[in-house]
Structures are given as structure tokens and as C-alpha cells.
Participant: 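Questions regarding the structure given below will be posed in turn.
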Amino acid sequence: MGERKLTMPSGPVPRETGSRTPASGLSMPGGATRDGVAPDGAAPDGVAPDSAVPPGPVLHGRHSAPGDAREIVLPGDLAPGAGTALLREFFDRPSHLVAPDLLGRVIVHGPVAVRLTEVEAYGGPGKDPASHTYRGQTLRNAVMFGHPGHLYVYFTYGMHFCANLVCLPEGSGSAVLLRAGEVIAGADSARSRRLSTGASRSRSSVSEVSAASAVSDSSGADGADVGRAEAGEIRTRSGGRRSIPDRDLARGPARLAVSLDLERRHNGLDCCADGPIRVLSGVPVDPALIRTGPRTGVSAGAETPWRFWIDGDPTVSPYRPHVPRRRGRTEGPQPDVR
């Protein structure tokens, strides 16, 4: 298999400004057409050319700083243009429209790239009882009310970090949860992260952590270690050698976050600017292969079929219905993260 190198900066990311290209089928201010082609000649479907990522001011008061560029190696058999970055307007749509369109796209952080195979959409305040924003804006969910294309990373059940991409204009409070994917670059780095963090605590000790700590915004490093341990599910080969199958590296939102090294410090980062975390166009999935159903582990709004996955893909996580917890409460119903 041939390989293709992509240069990624490693510093914090600035925010892109201005309206460019909307996603296919939407009309946007500024003269964009329904096929997603803006008058300035930007690419359709919210995809930016490799060199068309303008700088801009920062979001949430986070200032960008220059960082050393890093190269990652993507599989050479990806279609031409698969390494181009998605524009902000790709995310400036309702989450239940963005979610299926994210399948087959590639999220990159450092040496690791993950092709998304399973996602879940979450709506805005007063509309989606399964969403973190259902009861309005809080300190914890503030990023979901920011500009589209930003990363919303939260800590849940006192164990896990989960990553979401914000949708719709500022103030909307909507996002897509990244549930699972296939590691297509940097598998050794992803496996090393899973093994090293999973070894820090046993699964039995993790199961004793109270779900009440899920709403804490001061979890600290220890909380990250616990979440990663739960995400590990490390198998032991004969002879005592530990191993994680390729399909399980990012099979579930907590595992995906560990593989991509996404933590609280990345909450609010802009994935549409020239920064360390980007979402690339990848190869969109044939709509005939996309399946939809209830979201995993959701109690309220369980009938809403906003979980989307690629049919037959081995990296898709198993569906689990909501199981009531005995103690503690969370800020709104929480998606299952196993």
C-alpha cells in the first residue's frame, strides 16, 4: 500500500472567520448556492482546498501560538482530495444532517488518524432531552453553544473523555458525538496509548468510581487515567503479552478519545483552523451503507434514531440500551461510552 504524507501543525488553533461555503443542499447568507459552491470559488460540500484555511481570531479567549509542524502518513489508496480539510460551513447544519455526512471522514491529531464509522447527533436546548444542552447553557457545555466546527470534549461517569463536533451557528447548542472509527494512520501510537493508560488501573477498580463525579469539571489527571483504563479492555495473549486488536483501537467513544489523545485540554479547540486537530474530507460513505437507529445508552429521547453507522464495519461499537444507575446523577442523560 502506498503512503501519503500530510503536514499538521502542533500548536493551539485559531478560529476561521467569515462565511465561505455551506454544505450541500443548504442556502447560506453571502450568496452561496444550494450545491454548496460559494461565489469565491470555494470547493463544494464544505471542503476546503489544502491551502485555503485562512487564519482568524481565537474562540473562548484561547490564544494561538506557533507550533512545530508534524507529518503523519495516511494510506496512499485514499481517493484524491481525501486529505483536504472540511470547512466550517460543513458543520453549520443541524446535527442530524452533519452526523451521517461525517461517516468516512477522517479526524487527525498528531500521528494518529481515525476514519469515522459511527456517530450520534444531539440537538439543542429544549429540543433534545438526551443532549447536554437540553436545560440550557452551563459552564460544562458552553462550547456546544460556540461556533460550528469546534471540539467539545467532556468527562463523564467519572471515567471517560468523549469528543464531539459542534454544529449549527453560535448559540444553538448542538453537536455530534464521535462514537467509533478505524485507525488508518498511527496505529502503533494509538495502541501504545491504550496499553499504557489501561495498565494504570484494573477494570475492577474503575467500576467502583461513582457516576456522580461525571459532572465535575475538575477531574484532573487522575480522572483521565481512570477513563482511559475503562476504555482499554486490554486482552492478554499467552505468555503474558498484552494486545489490542486493530478493530478495537477506536471502537467506542472513550477508546476513540484515548487513541487520538483527546482530553479536557482540547475542549473548545477549532477543528476548522490551521491547528493540531483537523477533520479531513476522507471518502464519504455510500448512503446505501449508512444505517440509523436509537442512540446508545440514552434514557430520555431514546426513540430518536440519531445514531448513524456504516453497515457491516467491524469497528462499529455494539448497541446498548440505557441501564439505570443506582447512585449519582449526571447533567442530563448521558450517552453510553463503552
Side-chain angles (χ1 to χ4, degrees), residues 91-103 116 118-180 209-217 219 227 230 252-254 256-257 264 267-268 290-309 316-338:
F91 302 98
D92 199 2
R93 298 178 285 164
S95 58
H96 67 280
L97 299 180
V98 174
D101 205 4
L102 276 172
L103 297 176
L116 297 173
E118 181 189 1
V119 294
E120 286 179 347
Y122 287 88
K127 299 177 181 179
D128 182 0
S131 176
H132 285 187
T133 61
Y134 182 63
R135 297 183 181 92
Q137 184 170 340
T138 66
L139 179 63
R140 182 192 189 217
N141 66 25
V143 171
M144 283 185 71
F145 289 88
H147 293 274
H150 285 75
L151 195 67
Y152 168 49
V153 181
Y154 65 87
F155 188 64
T156 187
Y157 292 148
M159 304 175 187
H160 311 284
F161 286 103
C162 295
N164 305 253
L165 290 165
V166 177
C167 301
L168 289 174
E170 184 177 12
S172 300
S174 180
V176 174
L177 172 67
L178 309 182
R179 278 205 59 87
V209 177
S210 170
S213 63
V215 298
S216 172
D217 279 325
S219 54
E230 176 66 13
L256 183 148
R264 186 178 304 284
N267 187 40
I290 297 177
R291 298 292 178 265
T292 182
R295 291 169 292 189
T296 299
V298 168
S299 56
E303 72 285 352
T304 304
W306 280 4
R307 173 177 172 252
F308 302 88
W309 68 94
V316 172
S317 66
Y319 172 75
R320 293 183 174 93
H322 170 71
V323 177
R325 290 182 173 268
R326 293 184 178 179
R327 58 176 179 165
R329 70 185 290 236
T330 60
E331 181 187 322
Q334 301 290 316
D336 177 74
V337 293
R338 290 171 292 178

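Side chains included, hydrogens not; waters and symmetry mates left out as well; all remaining heavy atoms used.
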Participant: Over all heavy atoms of both residues, which pair between Leu168 and Ser174 is shortest? Give the atoms and the distance, please.
Facilitator: CD1-CB, 4.1 Å
Participant: Roughly how far apart are His322 NE2 and Thr296 OG1, rounded to 0.5 Å?
Facilitator: 13.0 Å
Participant: Begin with the C-alpha distance, continue with both residues' side-chain angles, and end with the deciding distance and a verdict on side-chain contact (heavy atoms from CB on, under 4.5 Å) for Val98 and Val119.
Facilitator: CA-CA 10 Å; Val98 174; Val119 294; over 6 Å; no
Participant: Rounded to the nearest 0.5 Å, what separates atom NE2 in His147 from atom CZ in Phe91?
Facilitator: 15.0 Å
Participant: What closest approach, in Å, do Pro253 and Cys162 show between heavy atoms, and which atom pair accounts for it?
Facilitator: CB-SG, 4.0 Å
Participant: Quick check: closest heavy atoms across Ala121 and Ala99, and the distance to 0.1 Å?
Facilitator: CB-CB, 4.0 Å
Participant: Compare every heavy atom of Ser95 with every heavy atom of Ala175, then report the nearest pair and how far apart it is.
Facilitator: O-CB, 3.6 Å
Participant: From the options Tyr154, Tyr152, Tyr134, select the one residue that forms a side-chain contact (heavy atoms from CB on, under 4.5 Å) with Asn141.
Facilitator: Tyr152
Participant: Looking at Thr292 and Pro305, would you say the former's side chain and the latter's main chain have a donor-acceptor pair under 3.5 Å?
Facilitator: yes
Participant: Once the angle between the rings of Phe161 and Phe155 is folded into 0 to 90°, is it parallel (under 30°), tilted (30 to 60°) or perpendicular (over 60°)?
Facilitator: tilted
Participant: Given the rule in the side-chain contact (heavy atoms from CB on, under 4.5 Å) test, do Leu177 and His132 qualify, once you have shown the distances and angles that lead to the verdict?
Facilitator: CA-CA 11 Å; Leu177 172 67; His132 285 187; over 6 Å; no
Participant: Output every pair passing salt bridge (charged side-chain N to carboxylate O under 4.0 Å, His left out) with a member in residues 121-133, not counting sequence neighbours, ordered by first then second residue.
Facilitator: Asp128-Arg295
Participant: Show the nearest heavy-atom pair for residues Leu102 and Val176, with the distance to one decimal.
Facilitator: CD1-CG1, 3.8 Å
Participant: What is the minimum heavy-atom distance between Ser131 and Gly123, and which atoms define it?
Facilitator: OG-O, 2.8 Å
Participant: Got a sec, which residues hit side chain to side chain donor-acceptor pair (under 3.5 Å) with Asn164, two or more places apart in sequence or on another chain?
Facilitator: none
